[in-house]
S.K.: 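Dumping the structure here so I can ask a few things about it.
In each ligand, atom 1 is the first atom listed, and ligand 1 is the first ligand listed. Keep in mind it's a predicted model, so treat the numbers as computed, not measured.
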Amino acid sequence: MLATTEEMLKKAQDGHYAVGAFNVENMEMVQAVVEAAAENRAPVILQTTPSTVKYGGLDFYFANVKAAAERVDVPVAIHLDHGDSFALAMQALRVGYTSIMIDGSHASFEDNIEVSRRVADACAPSRIPVEAELGKVGGKEDDLDGGKGDMYTDPEQAGEFALRTGVTSLAVAIGTAHGLYKGEPRLDLDRLTEIRKIVEIPLVLHGASGVPDETVKESIRRGICKVNFATELRIAFSDGVKKVLAEKPDTFDPKKYCGVGREYVKKLVTQKMEVCGCIGRA
Ligand code: 13P
């Protein structure tokens, strides 16, 4: 069933596990993620970035996720990932998205507070949770370039930010990056512990593709309640498609190769749900 992220993140915070948030690009990826959630009795978040939304439209992704969610009896949320403007956040709200991120992390501290507070205020009457970001996650998500090491989230600022914006969850910058890593990523986990001491709302880890499972688990032990995975799902889907087309280059029915892409994504999502500790929590 379609649900907001409010209750699922609260339960994750109380239960010391994280809900997996998976970026989807097409119908097969939506089906893969929701089927994995149903089979594993896990709450789940499906999310779309602005470039994905531009590619297919908010209404198309919402309709796909709603249809998939209605077939299962675990909570399924549809989240706007890295909403880059107040206007896009409001469009997602109107379309029916059950969770919204406003990413003002590229603006100044005060401007980030301003836009995040406006979105939180606008979503509050319909009880749609709002995630914001403070500090800069590295790498390149969508068309946005990420930050460098000196742009990690400051714990004191994070406390002030949460209070002044009224957002319901906070993405923190502790050394992860969107996309794949060249070497092994080194996260500032002590910083996460400090943030957790000051910030009461659920904390979100972006850029989890390529982060070793043990590191993700440790970040969850230290207070992360939502973990975002995008690149690895895109790779899994493409690997499935490529395998079919390499073996049988004459294939022309998209169901044949997209179906295998779907299987690959489903398998990966199950592995990530194990890492998050959300299996059996729905
Ligand atoms: P990855 O592509 O590194 O998994 O990042 C996902 C993410 O944080 C989406 O917001």
S.K.: Within a distance under 4.0 Å of any heavy atom of His82, pick out the atoms of ligand 1 and give their elements.
M.R.: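 It comes down to these atoms of ligand 1: 10 (O).
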
S.K.: Could you tell me whether the side chains of Tyr97 and Thr48 share a donor-acceptor contact shorter than 3.5 Å?
M.R.: yes

S.K.: Going hydrophobic residue to hydrophobic residue with side-chain gaps under 4.5 angstrom, can you get from Tyr17 over to Leu192?
M.R.: no

S.K.: How are the rings of Phe22 and Phe229 set relative to one another: parallel (under 30°), tilted (30 to 60°) or perpendicular (over 60°)?
M.R.: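 Aromatic pair Phe22/Phe229 classed parallel.
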
S.K.: So if I count the atoms of ligand 1 from 1 in the order they appear, which ones are less than 4.0 Å from some heavy atom of Phe229?
M.R.: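 By the 4.0 Å cutoff, the relevant atoms are 4 (O).
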
S.K.: Against heavy atoms of His206, which atoms of ligand 1 measure under 4.0 Å?
M.R.: 8 (O), 10 (O)

S.K.: Any N or O on Asn23 sitting closer than 3.5 Å to an N or O of ligand 1?
M.R.: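 Checking ligand 1 against Asn23, no N or O pair falls under 3.5 Å apart.
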
S.K.: Determine whether the side chains of Asp81 and Asn23 contain a donor N or O and an acceptor N or O closer than 3.5 Å.
M.R.: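 Yes, a side-chain donor-acceptor pair sits under 3.5 Å.
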
S.K.: Ligand 1 and His178, any nitrogen or oxygen pair closer than 3.5 angstrom?
M.R.: yes

S.K.: Only pairs at least two apart or in different chains count here, so list each salt bridge (charged side-chain N to carboxylate O under 4.0 Å, His left out) that has a residue in residues 31-40.
M.R.: Glu35-Lys266, Glu39-Lys266

S.K.: Should you measure from each heavy atom of Ser209, which atoms of ligand 1 turn up under 4.0 Å away?
M.R.: 1 (P), 2 (O), 3 (O), 4 (O)

S.K.: Does Ile45 share a hydrophobic cluster with Ile224, counting links as ILVMFWY side-chain heavy atoms below 4.5 Å and allowing steps through other members?
M.R.: no

S.K.: Considering distance alone, does some N or O of Gly179 sit under 3.5 Å from an N or O of ligand 1?
M.R.: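 Yes; the residue has a nitrogen or oxygen that sits under 3.5 Å from a nitrogen or oxygen of the ligand.
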
S.K.: Counting only heavy atoms closer than 4.0 Å, does ligand 1 sit against the backbone of Ala208, its side chain, both, or neither?
M.R.: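 The answer is the backbone.
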
S.K.: Decide whether an N or O pair under 3.5 Å exists between Asp81 and ligand 1.
M.R.: yes

S.K.: Going by the atom numbers of ligand 1, which of them fall below 4.0 Å from some non-hydrogen atom of Ala177?
M.R.: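 Matching atoms, with element in brackets: 3 (O).
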
S.K.: Are Gly210 and ligand 1 in contact, using a heavy-atom cut-off of under 4.0 Å?
M.R.: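 No, Gly210 has no heavy atom closer than 4.0 Å to ligand 1.
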
S.K.: Could you go through the side chain to side chain contact (heavy atoms under 4.5 Å, CB included) check for His79 and Ile100 one step at a time?
M.R.: CA-CA 5 Å; His79 174 83; Ile100 287 176; 5.7 Å; no

S.K.: I need the contact type for Glu232 against ligand 1. Using non-hydrogen atoms and a strict under-4.0 Å cut-off, is it side chain, backbone, both or neither?
M.R.: neither

S.K.: Hydrophobic clustering (ILVMFWY, side-chain heavy atoms < 4.5 Å, transitive) - are Val76 and Met1 grouped together?
M.R.: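 Unlinked, Met1 and Val76 end up in two clusters.
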
